[in-house]
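Below is one structure, written out as structure tokens; comments come after it.
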There are 2 protein chains.
Amino acid sequence: MKPKLKDLAEKSGYSITTVSRALAGYSDVSPKTRERILQIATQLGYEPNSLGQQLRLQETRTIGMIIPANDESFSNDFFTQLMMGVGNMASLHRYDLLISAQSTGEEEMQAYRRMVGGRRADGMILARTRRSDPRIVYLKSQQYPFAVSGRAAPDEQTDFPYIDVDSQAGIRMLVEHFVSLGHRHIGLILPPPELAFTDYRHAGYLEGLEKAGIIYRPDYVVHGNLLRSGGYYGTSQLLDENPEITAVIACNDLMALGAMSAIQGQGRRVGLDIAVAGFDDIPSAEYSHPTLTTIRQPIYEIGQRLVNMLLSLIKGHPLEDNQILLTPTLMVRDSSGGKRV
Amino acid sequence: MKPKLKDLAEKSGYSITTVSRALAGYSDVSPKTRERILQIATQLGYEPNSLGQQLRLQETRTIGMIIPANDESFSNDFFTQLMMGVGNMASLHRYDLLISAQSTGEEEMQAYRRMVGGRRADGMILARTRRSDPRIVYLKSQQYPFAVSGRAAPDEQTDFPYIDVDSQAGIRMLVEHFVSLGHRHIGLILPPPELAFTDYRHAGYLEGLEKAGIIYRPDYVVHGNLLRSGGYYGTSQLLDENPEITAVIACNDLMALGAMSAIQGQGRRVGLDIAVAGFDDIPSAEYSHPTLTTIRQPIYEIGQRLVNMLLSLIKGHPLEDNQILLTPTLMVRDSSGGKRV
DNA sequence: TTTGACATCCAAAACGTTTTGGATTAAGAT
DNA sequence: ATCTTAATCCAAAACGTTTTGGATGTCAAA
């Protein structure tokens with residue numbers, strides 16, 4: 001049977017209080033007894049029961065995160081990279097990660113209620129903000145510490161702590177890049193409309209076109225599911241319906257990889273025939289063929305900084321800056337192709 | 001303030017016991033009072049405190065997993081895929097995942113003691129068995145439920161529940177495949193010697209060579225760190241010291257991808273000049289250039305089955321089969337190149 | 001009228017910990 | 001001899017839940 005404080009107390013002849021305080025190193029207990037108790041503790045292999053501690057201290061030293069349980073998402077570099085950033089920084093602060101895989105919907109909200117209302121974590125980290133995001137509404141109503149990767153949509157109120165990348169600027173840079181290479185017919189594969197960052201990326205597209213004096217054509221824009229499949233079908237549709245398109249911008253790298261498959265599946269060359277760009281700069285972007293032009297977003301680092309933000313929130317420390325907007329950088333690679341004539 | 005049972009009791013006029021049993025749906029409490037209590041509960045937004053429940057029930061409905069905190073491991077497809085398999089199956093059974101990122105060593109063992117001794121999880125899932133693995137020794141000594149991806153080394157005792165793939169057969173298949181293409185000089189990049197599966201893979205290499213009547217040359221074998229960098233340096237070393245080598249087998253896909261970079265960095269062609277193969281069949285293997293010949297190991301599915309195994313163990317159900325050895329399958333892709341003349 | 005069965009409720013214990021607010025003793029100061 | 005001070009210890013409460021083992025009241029059967 002696993003020893004508890006009571007066992008140490010009986011074996012040592014001291015009270016539970018004294019044993020507890022001896023182990024915690026209080027000056028309350030004489031060196032001799034402390035040593036004796038410590039010795040008994042190691043002898044019995046005592047390890048404090050976390051639940052007892054957490055209940056008493058009202059602190060779990062755990063950060064919660066609910067990730068999409070989509071079957072395809074095991075190839076979802078974005079979430080895994082974010083999680084690794086979160087996990088590593090958390091572990092540096094001696095926090096653990098409580099993770100629940102749920103697909104968007106009522107079940108997901110239940111998971112939040114269990115984790116937050118059930119006080120299983122001291123704070124939550126969210127990703128992929130949605131329009132009028134019910135998760136954020138809930139967390140705010142509970143006055144629970146949380147930090148988000150991604151601000152609210154442009155027409156909504158962003159009164160919560162977040163880190164985001166200026167994706168409007170990012171997409172604009174991609175458009176400018178393609179325009180500078182001579183492209184005039186540029187397709188765009190947007191994320192699903194219910195995601196908050198979709199409008200920013202769309203706005204960046206519009207901005208880029210306008211600066212170049214290119215007229216916006218709504219049929220050059222489709223939506224995809226942010227996975228490879230979405231990029232594949234989006235690109236097929238774009239190219240079938242608008243054969244004059246020479247460049248495709250996908251709003252994340254996974255879709256861009258799917259776009260490359262679609263193009264190559266039609267027997268055309270990525271870069272030379274159709275230029276492709278993505279967004280995120282996940283590891284595979286550098287290793288794809290051809291290598292993928294993209295907008296670098298430091299996902300791993302964002303995960304780390306979200307943890308620091310959240311821990312300040314949890315501890316009630318004043319936050320110097322709880323709404324951070326990073327400027328992304330353009331990574332030009334082979335999928336851009338060369339200059340058009 | 002978050003409402004607790006006591007608040008519901010006071011507001012409803014019933015005792016804590018009755019409130020608790022009403023919410024749990026016992027036939028103990030009259031329909032009228034149950035309804036009244038339920039109504040108050042939703043009105044106040046009651047959510048039971050998990051810690052209280054866990055402490056009382058001595059059950060956390062949580063599965064623990066400690067993953068490597070290596071900085072480079074955010075690109076570690078193996079662990080993320082395993083985690084996703086574990087996470088999704090766990091969530092199907094309404095279990096959550098407690099994750100701690102730790103690098104191998106004393107800190108890692110401390111994390112195990114905190115999680116296991118502290119009773120923060122009902123069972124653990126391990127991966128990458130090591131020689132005389134201290135984690136397994138510890139878990140056995142604690143008689144704690146656990147399931148492992150990967151059995152013990154051939155010369156050690158495997159008296160614990162695991163799922164593994166017959167990697168000796170896998171590597172042998174790769175050797176046979178390359179031999180059938182006309183290769184006689186095949187390099188091998190092994191995992192670090194302290195990992196349990198290293199010997200199996202080495203044995204498969206020997207077996208394949210012997211069947212083909214090729215003499216074993218120790219200088220054709222090097223060790224790598226299971227990351228891209230390991231494959232890169234291993235391959236460079238192999239090719240520099242043994243220019244006659246025409247094929248390289250890396251013991252996982254990540255190293256194989258690094259191997260391809262090394263070969264291409266020397267201005268040579270993967271497949272045509274030097275054939276390359278990996279092990280695992282991670283998603284990137286299918287999208288690399290050229291696509292990677294490899295041994296398919298159903299990592300995601302193994303994660304799922306480990307959860308089922310672990311849950312049986314936790315619940316004390318009899319396990320039909322607690323030591324599972326899967327047969328891997330050869331995936332021939334472009335990095336094999338064609339037949340030699 | 002008594003008995004038994006049933007429906008409905010609840011006080012208290014238990015899970016394992018930390019902390020509060022003293023109690024006790026011994027030594028030193030007056 | 002009395003008062004302070006310091007050193008060492010501990011009983012009990014609290015964190016929030018579930019379950020045990022009754023208690024109480026009602027109603028029908030004997």
Side-chain angles (χ1 to χ4, degrees), chain A residues 1-38 40-41 44-62 113-122 142, chain B residues 1-38 40-41 44-62 113-122 142:
Chain A
M1 203 33 222
K2 195 175 157 316
K4 44 185 176 176
L5 281 185
K6 199 175 161 204
D7 301 319
L8 300 198
E10 279 165 8
K11 179 127 182 174
S12 68
Y14 293 99
S15 74
I16 290 183
T17 304
T18 302
V19 172
S20 171
R21 298 185 72 82
L23 295 177
Y26 280 88
S27 65
D28 234 9
V29 17
S30 88
K32 253 169 287 182
T33 51
R34 183 203 329 288
E35 200 172 344
R36 176 85 189 104
I37 288 173
L38 244 45
I40 293 181
L44 296 190
Y46 173 75
E47 191 75 29
N49 179 303
S50 255
L51 296 177
Q53 291 182 314
Q54 292 178 31
L55 186 58
R56 166 67 223 224
L57 298 176
Q58 297 289 79
E59 182 200 40
T60 63
R61 291 195 83 81
T62 300
R113 281 193 289 270
R114 276 206 315 274
M115 219 179 252
V116 171
R119 293 291 183 270
R120 301 197 61 186
D122 294 341
Q142 299 288 308
Chain B
M1 205 31 224
K2 192 174 157 321
K4 44 185 178 175
L5 281 185
K6 199 176 160 203
D7 300 319
L8 301 198
E10 280 165 8
K11 179 127 182 175
S12 68
Y14 291 100
S15 75
I16 290 183
T17 303
T18 302
V19 173
S20 171
R21 297 184 74 81
L23 294 177
Y26 280 89
S27 65
D28 233 9
V29 18
S30 87
K32 254 169 286 182
T33 52
R34 182 202 332 288
E35 201 173 341
R36 176 87 189 103
I37 289 174
L38 242 46
I40 292 181
L44 296 191
Y46 173 74
E47 191 75 28
N49 180 302
S50 255
L51 296 178
Q53 291 182 315
Q54 293 177 32
L55 185 57
R56 168 64 225 227
L57 299 176
Q58 297 289 79
E59 180 200 41
T60 63
R61 292 195 81 82
T62 299
R113 280 193 289 269
R114 276 206 314 274
M115 222 180 251
V116 171
R119 293 290 184 272
R120 299 197 61 187
D122 293 340
Q142 299 289 308

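Residue numbering restarts at 1 for every chain, and letters A, B, ... go by the order of the sequence lines. Remember, it's a predicted structure, so these values are computed and weren't measured experimentally.
- At a non-hydrogen distance threshold of 4.0 Å, A:L5, A:I16, A:T17 from residues 5-18 of chain A come into contact with DNA chain C.
- Across all their heavy atoms, B:A9 and B:S15 have their closest contact at CB-C, 3.9 Å.
- The overall bend of the helix from C:dT1-D:dA30 to C:dT30-D:dA1, read as the angle between its terminal helix axes built from five base pairs each, is 70° when rounded to 10 degrees.
- With sequence neighbours excluded, the residues forming a side-chain contact (heavy atoms from CB on, under 4.5 Å) with A:I40 are A:L8, A:K11, A:S12, A:R36, A:L44, listed by chain and number.
- Partners of A:R120 according to the side-chain hydrogen bond (donor to acceptor under 3.5 Å, both in side chains) rule, which considers only residues two or more places apart in sequence or in another chain, are B:T62, B:D96.
- Contacts between residues 25-37 of chain A and DNA chain C, counted as heavy-atom distances below 4.0 Å, involve A:Y26.
- Listed by first and then second residue, the side-chain hydrogen bond (donor to acceptor under 3.5 Å, both in side chains) pairs that reach into residues 46-60 of chain B are B:T60-B:D122, sequence neighbours excluded.
- Within the structure, salt bridge (charged side-chain N to carboxylate O under 4.0 Å, His left out) pairs that include any residue of residues 18-31 of chain B comprise B:R21-B:D28 (at least two apart or interchain).
- Applying the side-chain contact (heavy atoms from CB on, under 4.5 Å) rule to A:K6 yields the partners A:K4, A:E10, A:I16; only residues at least two apart in sequence or on another chain are considered.
- Taking every heavy atom of both residues into account, B:A22 and B:L38 meet most closely at O-CD1, 4.4 Å.
- The shortest non-hydrogen separation linking B:L55 to A:L55 is CD2-CD2, 3.5 Å.
- Within residues 44-61 of chain A, the residues that have a heavy atom under 4.0 Å from DNA chain D are, in order of number, A:L55, A:R56, A:Q58.
- From the 5' end on, the contacts that DNA chain C makes with chain B at under 4.0 Å to a non-hydrogen atom open and close at C:dT8 to C:dG16.
- In terms of the side-chain hydrogen bond (donor to acceptor under 3.5 Å, both in side chains) criterion, residue partners of B:T33 (sequence neighbours excluded) are, by chain and number, B:S30.
- Using a 4.0 Å heavy-atom criterion, one finds that B:R21 contacts the bases of the nucleic acid, with or without backbone contacts as well.
- With sequence neighbours excluded, the residues that form a salt bridge (charged side-chain N to carboxylate O under 4.0 Å, His left out) with A:R113 are A:E106.
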